[in-house]
Amino acid sequence: MGAIFRREMGAFFSSPIAYVYLTVFYVFSGVCFYLFTLSYGISDMSSFFSMLFWAGFLLIPVLTMRSFSEEKMQKTDQGLLTAPISLGGIVLGKYFAALVMYTIGIAIIFVYALILSAFGTVTWGIVVSNFIALFLLGAAFISVGVFISSLTENQFIAYIISLLLLFVMCVMQELAGLVENASVPEIFEPIVGAVATGMNAISFYNKFYDFTCGLFDLSSVLFYVSFAAVFNFLTVRVLETRRWK
Amino acid sequence: MIEVKNLTKYYGDHLAVDNISFTVEDGEILGFLGPNGAGKSTTMNMLTGYISSSSGQALINGIDILEDPIKAKANIGYLPELPPLYQDMTVMGYLNFVYDLKKCKLPRKSHLTEICNLCKINDVSHRIIRRLSKGYRQRVGMAQALVGNPPILILDEPTVGLDPKQIIEIRNLIKKLGKRHTLILSSHILSEIQAVCDRVIIINKGKMAADDTLENLTKSVSSINRITVRLDGNRDEVLGAIRLINGVKSVRADMEREGGIYDYEIVLEDGADIRVMINEMCKEHGWSIYKMANDEMTLEDIFMRITMGEDMPESRSDMPKKIVRLTTPEDIKQAEPEETFSEAVEETVSTDDNNGYTAADDSEKEEAEE
């Protein structure tokens, strides 16, 4: 796992990906920081943080799209899969490399908070809990991106499909609203209600929003972590079944 | 040691490898020979755990590759058909990565330097792999397989795409490695196998067609005894005289080499040796021998016989039905009584029909002309 993690980190920085990701993330977050916080002259960063939710959603597929697709395309996966390491080690090495890369991006919020502290009082608890929220969100999203990447040889397709899937996950609470308000015959109402509740329960935004308000909910943490575990497990299964084909 | 038992692989409905079994002893160099698409790479991929077999078992130093893949893989160095190189890394960076990947315990610096020296890549060790020539990439691929000094090396077409000088270099390297490692080497280039391997497995259409030492293989398949003699003297007289010799099955005159000197191809009965008789015949008639040679089969001939047999079965049914069999199954079985490659024998027999057919047919034609 360590060897793969180090190689992945090296590959991020020897390719344009790390630079593109960091530049776009820093510029986007910088503009949002100015527009939603500095220009109003307030020290409340909550609208700024909710914008970062969308930045993560757009940029995470960039970090994960090549993780397995490229290996398959270049046939380098043959080297990994015949090396004396477990499939789980391979998947986690790639997963954590993308997660660390992502975290280097989101850590910028502490810089913004420092800047803000020069002009007013910053509630550091809120900043830290937002950082945790972004981190957990990334942890879940990256596992999805890596999983999608293991399914295709084409990086571009991996990016698009990941984006689509993450988008559905991001707007789950809106979809839940639609389902809830749908006009259906009376006997179906309990079912529809249950579906809507279920969709709300797996909504990423609702849980993210709780964190941005400084509400630290252990069940939400568990939700994100187990979500990531499930998708990493699925990636291992994909690699495993590919052998049997 | 590698033990393969009844290994079979289906890709969907397509049977890629059909019930292959063999053993490679420690320190042996085994050649894996077959036309493209015969199942060589599939077999190697199963041995190295890249893909799983549909049924059967592969034991690497006694460890089942499917039951304990990590332990089994630690014993193998594998060079796939396409070396798994990361284009964006330097040669040294890549070898360091492989070193970590294989959790190698040997002293890092001296071990990697030794490998670089062995594969002759020290002068490119700080260059980016993307910018290397095909020959160098192949050598880096070889170096990658050697990291960790695994007891077993599996090399899939190691010389493909190299120039003749590089081929000789890699071949020498393989010979050198064969002294310390158990080695499986695949190729569709026969001379390569002939140059380095102790033993050959011929694989065709997913099936094992032969498994033997080169020497035995040559002996058994070429149990058609053939001898070529170049003589002066009147052609018809010579033909007549040769036919009188005991043990001659058929004879035909080949083209005229020099004025009045012909090559005579003589097919003999099994075990017959007529060289002395030929000498005496010449003394008697006052002819001179310009050349006498036992026709030995090359690996090419064996390979063609074994792999082409199935491709040309009924196509010659328009030919005369009289077939002079050069070898019968009994002949072969007598010649090699306790052979382990019964499959090879079967294959050979079916091919012999064809080959014997044409040879005999030609000689008949030739004789008819006379």
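Order of the sequence lines sets the chain letters (A, B, ...), proteins ahead of strands, with each chain counted from 1. What's counted below: heavy atoms across the whole structure, side chains too, no hydrogens, waters or symmetry copies.
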Subject >> Distance (rounded to the nearest 0.5 Å) between B:Cys119 SG and B:Ile170 CD1 >> reply: 7.0 Å
**OP:** Starting at CD of A:Glu240, measure out to CG of A:Leu87 and round the result to the nearest 0.5 Å.
**Re:** 5.5 Å
Between the side chain of [X] and the main-chain N/O of [Y], is any donor-acceptor distance below 3.5 Å?
X	Y	answer
A:Ser29	A:Tyr26	yes
A:Tyr21	A:Leu59	no
A:Lys75	B:Leu82	no

Under 4.5 Å heavy-atom distance to chain A, tell me which part of [X] shows up: side chain, backbone, both or neither.
X	value
B:Lys71	neither
B:Leu101	both
B:Asn75	neither
B:Lys103	side chain
B:Met89	side chain
B:Gln87	side chain
B:Ser53	backbone
B:Phe97	both

Quick one: do [X] and [Y] make a salt bridge, cutoff under 4.0 Å?
X	Y	result
B:Asp211	B:Arg199	yes
B:Glu169	B:Lys120	no
B:Lys207	B:Asp18	yes

Original post:
Between A:Phe36 and A:Phe48, is the gap from one ring center to the other below 6.0 Å?
Top reply: no
Subject >> Ring centroid separation A:Phe57 to A:Phe208 under 6.0 Å >> reply: no
Original post:
Which residues, numbered in order, of residues 131-162 of chain A come under 4.5 angstrom of chain B by heavy-atom distance?
Top reply: none
Original post:
What residue in B:Asp88, B:Ile70, B:Ile51 has the most heavy-atom pairs under 4.5 Å with chain A?
Top reply: B:Ile70
Original post:
Counting only heavy atoms not in A:Phe167, do more than 12 fall under 6.0 Å of its CZ?
Top reply: no
Original post:
Using non-hydrogen atoms only, which part of A:Ser14 is less than 4.5 Å away from chain B: side chain, backbone, both, or neither?
Top reply: side chain
Original post:
What part of A:Glu70 is in contact with chain B, defined as an atom under 4.5 angstrom from a non-hydrogen atom: side chain, backbone, both or neither?
Top reply: neither
**OP:** Say whether A:Thr76 and A:Glu71, considering side chains only, have a donor N or O and an acceptor N or O under 3.5 Å apart.
**Re:** yes
Subject >> Partner chain B: residue of A:Pro84, A:Gly2, A:Gly79 with the largest heavy-atom pair count (under 4.5 Å) >> reply: A:Pro84
